[in-house]
Amino acid sequence: MRVLVVGGGGREHALCWTISGSPLVEKLWCAPGNAGIAQDAHCVDISPEDVDALVRFSLENKVELVVIGPEAPLVLGLSDRLREKGIRAFGPSADAAILEGSKGYMKDLCTRYNIPTASYGRFTEPAPAKAFIEDRGAPIVVKADGLAAGKGVIICETVDQAHQVVDEMLIGGAFGEAGAEIVVEEFMEGVEASFFALVDGENALPLASAQDHKRVGDGDTGPNTGGMGAYSPAPVVTDEIVDIVMEKIVLPTVAGMKADGKPYQGVLYAGLMLTDDGPKLVEYNVRFGDPECQVLMTRLMSDLVPALIAACDGELKDFDLRWFDEAALTVVMASNGYPRSYEKGTIIGGLDKAGKIAGALIFHAGTSTNETGETVATGGRVLNVTANGDSIAQAQERAYKAVERIDWPGGFCRRDIGWQAI
Ligand code: AMP
Ligand code: GLY
């Protein structure tokens, strides 16, 4: 089979690493890929958002399966365009990507299908939003309806702050079109967890559990990031929780999307709050988590490719995936300054030595190779130093041993990835 992976981050490196190991795969490309992905796939210099060029490339090269990593090409309709041409695309249609693209739509779906989530209101005018906030009191959460690069959610400690945020979004246009409508919702207390399932339009198959660390600093402090590390399994996601989440959240969502004429196909990533009243949905993403995907791929025993095909072809019912019992943990190394501004082009050494630590694997998230053959950093999140082990503690020890061997004065990492699980 001829396969194209779309994206160029650590998630896509992990996907390429897994897919390239499948005996079903005859040729693997990645657009645009990165310096690490180049070891597992042929990198082609096409942007994930250049839908026309991706469709053309797929046709010209007789690609049979396109695996779409990030949300942007999904929202732009890459899956739809490929399917029109008879090419299998793993990832939801633009219509179904609305689960991530509109928080208001997602919340209304929850209401219609009785899916547990925070109580909420949808608003386009400040006055009714403020009346709702006064009625509910603080803390309260104000969210831009649309995609806002992960910055559109503000947890407000006071009613005054919430009023101010409402004005910033609805009058000040703080998030442009994405904030022209807002969702105001109850603040949920609890422990956060991520949940992933493969979905084929009708059936859903839960994946192993994984948890990320969103804050930039040790002890989960400082600004939010795309994720500074992850581990799997996540002890808070017990088998009982998996059953509840599938029955009360994931399967009703899949049924609701089908009934709405937007059947969902791809990976569904649910952000959950484990509350005293049981798991509740915080948000959906229409793609794999990054860096959660990296630890999931490390633990996957089965061939991923038949599962992706089954999702595309509506054949996930009774499909089974096997996982290694071993734990996996990944430490994100980022350019100094991330998530704020950072320098690009700093040189990274020691990757070969680091990769020799038993059980360690280094996925590249933002690298390229310069004219003299050195690896250089090209992004905020740059490397995912991943290791497996008999326990999360052992995986952690190995991952940090590998980190020690990496010679990169231009980068940093958190020192406590996995702490909640150890
Ligand atoms: P999101 O961008 O929707 O993932 O939200 C970012 C973060 O805000 C989540 O990971 C939660 O930590 C937090 N959050 C969002 N909604 C709520 C809520 N209703 N109650 C408590 N925390 C929330
Ligand atoms: N690690 C969080 C995300 O992928 O959104």
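When a ligand or atom number is given, it counts from 1 through the structure's own listing order.
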Proximal ligand 1 atoms for [X], defined as those under 4.0 Å from one of its heavy atoms:
| X | result |
| --- | --- |
| Met273 | 21 (C), 22 (N) |
| Glu185 | 16 (N), 17 (C), 18 (C), 19 (N) |
| Lys143 | 3 (O), 15 (C), 16 (N) |

Please list, in number order, the atoms of ligand 2 under 4.0 Å from a heavy atom of [X].
| X | value |
| --- | --- |
| Gly226 | 1 (N), 2 (C), 3 (C) |
| Gly289 | 4 (O) |
| Asp212 | 1 (N), 2 (C) |
| Tyr269 | 2 (C), 3 (C), 4 (O), 5 (O) |

With heavy atoms only and a cut-off of under 4.0 Å, state how Glu283 meets ligand 1: side chain, backbone, both or neither.
->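 The answer is the side chain of Glu283.
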
Proximity of Asn224 to ligand 1 by residue part, where a heavy atom lies under 4.0 Å |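 Near ligand 1, Asn224 shows nothing, with every heavy atom at 4.0 Å or more.
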
Glu189 to ligand 1, any heavy atom closer than 4.0 Å |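 For ligand 1, residue contact (heavy atoms, under 4.0 Å) with Glu189 is absent.
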
Would you please test Glu343 and Asn336 for side-chain contact (heavy atoms from CB on, under 4.5 Å) and show each step?
-> CA-CA 7 Å; Glu343 195 185 334; Asn336 291 336; over 6 Å; no

Would you say the side chain of Thr18 lies within less than 4.5 Å of the side chain of Val305, judging by non-hydrogen atoms?
->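 With C-beta onward as the side chain, the pair stays apart.
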
What are the two closest non-hydrogen atoms of Leu28 and Ile19, and how far apart are they?
->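 Heavy-atom minimum between the residues: CD1-CG2, 3.9 Å.
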
With salt bridge (charged side-chain N to carboxylate O under 4.0 Å, His left out) as the test, would you mind laying out the steps for Asp212 and Lys214 before giving the verdict?
-> CA-CA 6 Å; Asp212 77 340; Lys214 288 208 170 62; 3.6 Å; yes

Around atom 5 (O) of ligand 2, find the nearest protein heavy atom and jot down its residue, atom name and distance.
->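 Its nearest protein heavy-atom neighbour is Arg287 NH2, 2.9 Å.
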
Which residue, Tyr113, Tyr264, Tyr284, forms the side chain to side chain donor-acceptor pair (under 3.5 Å) with Thr253?
->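 Exactly one option meets the side chain to side chain donor-acceptor pair (under 3.5 Å) with Thr253, and it is Tyr284.
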
Can you confirm whether something in the protein, heavy atoms only, sits under 4.0 Å from atom 7 (C) of ligand 1?
->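 For atom 7 (C) of ligand 1 the answer is no, since every protein heavy atom stays at 4.0 Å or beyond.
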
Nearest-option assignment for atom 5 (O) of ligand 1, heavy atoms, candidates Asn285, Leu281, Val153 |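 Going through Asn285, Leu281, Val153 one by one, Val153 has the nearest heavy atom to atom 5 (O) of ligand 1.
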
Can you tell me if Asp416 uses its side chain to pair, donor with acceptor, with the backbone of Gly219 under 3.5 Å?
->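 At least one qualifying donor-acceptor pair exists.
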
Glu12 (side chain) donor-acceptor with Gly9 (main chain) under 3.5 angstrom =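 Looks like yes, one N/O pair under 3.5 Å.
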
Is the Phe57 ring parallel, tilted or perpendicular to the Trp29 ring (thresholds 30°, 60°)?
->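 It falls in the perpendicular class, over 60°.
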
Quick one: sort the Phe196 and Tyr269 rings into parallel, tilted or perpendicular, breaks at 30° and 60°.
->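 Correct class here is tilted.
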
Heavy-atom contact under 4.0 Å between Arg11 and ligand 2?
->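 Arg11: no contact with ligand 2 (<4.0 Å).
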
